[in-house]
Participant: 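Structure incoming, see below.
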Amino acid sequence: IDALPLPLSERELYQKLTIKPVYPLEQIKETPGHLRVQMLNKLKKFFQPLPRHCSLAQDITKFIRSGYETRNPMSPRYRHELNMRNAELEQATDPEQVAKCDVDSLRSGLLVGMSGTGKTFSVQQILALTPQVIEHTNYKGAPFPHKQLSWIKIGCPSDRGTRALCAAFFKAVDDLLGTNYARNYMKDHVSPSSLLPKWGIVALNHSLGLLVIDEIQNLNLKIGRAHV
């Protein structure tokens, strides 16, 4: 948690989140009309944060930071608990066993709104305020080689399967850290039930602070209700 940036004030959030296209006045005056029309495309990148965006940003910051409050990687007690959780997840063979693993500090939330209102873009802009990967070499003078994942955002695949969702998570981690989880875990004979414990192990070992799943309504509840 010490490596995370400090929470921003409302004023700082407005400044960081605002996106205004640059239109040099002199350039516009000298540009022919048929080309000026094309310059309107820049308006698609315009973003003016509203109070609800600042509130969402504060909530996301709290989600990330609260997930680390009980996780001190230099604490012998936490390292012991981490090893125990890894062992529990290794032995888990179905979603119910995964759910029984000790995850006392986890929180969850749901962002709901009409399609096309900018939920995905807003969340992405807010997440970008926090470094996604923090690489540690030492902590308070002690060696500490560790790559911390502050957050990951994945899209729920359109095929609505839990297995595809697991694949999306492993690929996102691989793309960020250069690991090979997708290749190692996504075997043809492996069921979604056995993939979920691997998901938990990867999240624990890389100190994942926040997982965001976009378009979660794509998940087929008849297949994935128990897994969720």
Participant: Are I134 and L149 linked, directly or through intermediate hydrophobic residues, by side-chain heavy-atom contacts shorter than 4.5 Å (ILVMFWY only)?
Facilitator: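 Unlinked, L149 and I134 end up in two clusters.
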
Participant: Taking all non-hydrogen atoms of both residues into account, name the closest pair between L50 and Y14 and its distance.
Facilitator: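 Minimum heavy-atom contact is C-OH, 3.7 Å.
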
Participant: Keeping to residues at least two apart or across chains, list the ring-ring contact (aromatic ring centres under 6.0 Å, His included) pairs with something in residues 48-76.
Facilitator: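 Listed by first then second residue: F47-H53.
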
Participant: Hey, is CZ on R183 packed in by over 12 heavy atoms from elsewhere, all under 6.0 Å?
Facilitator: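 Open.
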
Participant: Are the side chain of Q132 and the backbone N or O of W151 linked by a donor-acceptor pair below 3.5 Å?
Facilitator: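 Yes, because the side chain of Q132 sits within donor-acceptor range (under 3.5 Å) of the backbone of W151.
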
Participant: Could you check whether any side-chain heavy atom of K16 comes within less than 4.5 Å of a side-chain heavy atom of Q125, counting everything from C-beta outward?
Facilitator: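 A side-chain contact is absent here, since even the closest heavy-atom pair is not under 4.5 Å.
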
Participant: If hydrophobic clusters are built by linking Ile, Leu, Val, Met, Phe, Trp and Tyr wherever their side-chain heavy atoms come under 4.5 Å apart, do V212 and L204 end up in the same one?
Facilitator: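 No; tracing contacts between hydrophobic side chains, which count when under 4.5 Å, never links both residues.
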
Participant: Applying side chain to side chain donor-acceptor pair (under 3.5 Å), name anything that partners E12, two or more places apart in sequence or on another chain.
Facilitator: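 In terms of side chain to side chain donor-acceptor pair (under 3.5 Å), with neighbours along the sequence ignored, E12 is linked to S9.
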
Participant: What is the distance from atom OG1 of T137 to atom NE2 of H146, rounded to the nearest 0.5 Å?
Facilitator: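 Here the rounded value is 12.5 Å.
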
Participant: Within this structure, what is the CG-OG1 distance for the pair L196 and T162, rounded to the nearest 0.5 Å?
Facilitator: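 Here the rounded value is 7.0 Å.
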
Participant: How many angstroms lie between OG in S207 and CD1 in I1, if you round to the nearest 0.5 Å?
Facilitator: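 Here the interatomic distance stands at 12.0 Å.
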
Participant: Can you check whether K62's main-chain N or O pairs, donor with acceptor, with S66's side chain at less than 3.5 Å?
Facilitator: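 Yes, because the side chain of S66 sits within donor-acceptor range (under 3.5 Å) of the backbone of K62.
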
Participant: According to side-chain contact (heavy atoms from CB on, under 4.5 Å), who are the partners of L111, at least two apart in sequence or on a separate chain?
Facilitator: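 For L111, the residues satisfying side-chain contact (heavy atoms from CB on, under 4.5 Å) (neighbours in sequence not counted) are L56, K119, V123.
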
Participant: Is V22 isolated, or which residues cluster with it under the ILVMFWY side-chain rule of less than 4.5 Å, directly or via members?
Facilitator: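 For V22, no cluster forms, as it stays isolated from other hydrophobic side chains.
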
Participant: Which distance, rounded to the nearest 0.5 Å, do you find between the CD1 of I126 and the OG1 of T61?
Facilitator: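 Output value for this atom pair is 8.0 Å.
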
Participant: Which pairs count as salt bridge (charged side-chain N to carboxylate O under 4.0 Å, His left out) when at least one residue sits in residues 184-193, sequence neighbours excluded?
Facilitator: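 The answer is none; no pair qualifies.
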
Participant: Which residues satisfy the side chain to side chain donor-acceptor pair (under 3.5 Å) test with T18, sequence neighbours excluded?
Facilitator: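 Partners of T18 under the side chain to side chain donor-acceptor pair (under 3.5 Å) test: none.
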
Participant: What's the spacing between I154 CD1 and L165 CG if we round to 0.5 Å?
Facilitator: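 It is 4.5 Å, given to the nearest 0.5 Å.
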
Participant: What residues form a side-chain contact (heavy atoms from CB on, under 4.5 Å) with L6, not counting sequence neighbours?
Facilitator: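 If we apply the side-chain contact (heavy atoms from CB on, under 4.5 Å) test to L6, skipping adjacent residues, there are no hits.
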
Participant: Check for me, please, whether I19 and L13 land in the same ILVMFWY cluster - side-chain distances under 4.5 Å, paths through other members count.
Facilitator: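 The answer is yes; both residues are in one hydrophobic cluster.
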
Participant: What residues, two or more places apart in sequence or in another chain, satisfy side chain to side chain donor-acceptor pair (under 3.5 Å) together with E215?
Facilitator: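 If we apply the side chain to side chain donor-acceptor pair (under 3.5 Å) test to E215, skipping adjacent residues, the hits are Q217.
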
Participant: Kindly give the heavy-atom pair with the smallest separation between A3 and H136, and that separation in Å.
Facilitator: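 Smallest interatomic distance, heavy atoms only, reads CB-CE1, 3.5 Å.
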
Participant: According to side-chain contact (heavy atoms from CB on, under 4.5 Å), who are the partners of A128, at least two apart in sequence or on a separate chain?
Facilitator: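 Scan of A128 (side-chain contact (heavy atoms from CB on, under 4.5 Å), adjacent residues dropped) gives none.
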
Participant: If you look at every heavy atom in S150 and L4, which pair is closest and at what distance?
Facilitator: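 For S150 versus L4, the nearest heavy atoms are OG-CD2, 3.6 Å.
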
Participant: With sequence neighbours excluded, give me every salt bridge (charged side-chain N to carboxylate O under 4.0 Å, His left out) pair touching residues 42-52.
Facilitator: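 Residue pairs with at least one partner in residues 42-52: there are none.
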
Participant: Of the non-hydrogen atoms in G113 and T117, which two are nearest, and what is the gap between them?
Facilitator: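 Result for this residue pair: C-OG1, 4.4 Å.
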
Participant: For residues 168-179, run the donor-acceptor check on the side chains, cut-off 3.5 Å, and write out each pair with its distance to 0.1 Å, sequence neighbours left out.
Facilitator:
{"unit_1": "K171", "atom_1": "NZ", "unit_2": "D175", "atom_2": "OD2", "d": "2.9"}
{"unit_1": "D174", "atom_1": "OD1", "unit_2": "T179", "atom_2": "OG1", "d": "2.6"}
{"unit_1": "D174", "atom_1": "OD1", "unit_2": "N180", "atom_2": "N", "d": "3.3"}
{"unit_1": "D174", "atom_1": "OD1", "unit_2": "Y181", "atom_2": "N", "d": "2.8"}
{"unit_1": "D174", "atom_1": "OD2", "unit_2": "Y181", "atom_2": "N", "d": "3.3"}
{"unit_1": "D174", "atom_1": "OD2", "unit_2": "A182", "atom_2": "N", "d": "2.9"}

Participant: Can you name the side-chain contact (heavy atoms from CB on, under 4.5 Å) partners of D214, sequence neighbours left out?
Facilitator: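 By the side-chain contact (heavy atoms from CB on, under 4.5 Å) rule, D214 matches T120, K153.
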
Participant: Determine whether I213 and V202 fall in the same hydrophobic cluster, where Ile, Leu, Val, Met, Phe, Trp and Tyr are linked whenever their side-chain heavy atoms lie under 4.5 Å apart.
Facilitator: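 Yes: a chain of side-chain contacts under 4.5 Å links I213 to V202.
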
Participant: For the CG atom of L210 and the CD1 atom of I152, what is their distance to the nearest 0.5 Å?
Facilitator: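 Nearest 0.5 Å value for the CG-CD1 distance: 10.0 Å.
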
Participant: Assigning hydrophobic clusters by single linkage (Ile, Leu, Val, Met, Phe, Trp, Tyr; side-chain heavy-atom cutoff under 4.5 Å), is L127 placed with I216?
Facilitator: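 No, because L127 and I216 fall into different hydrophobic clusters, even though each may have its own neighbours under 4.5 Å.
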
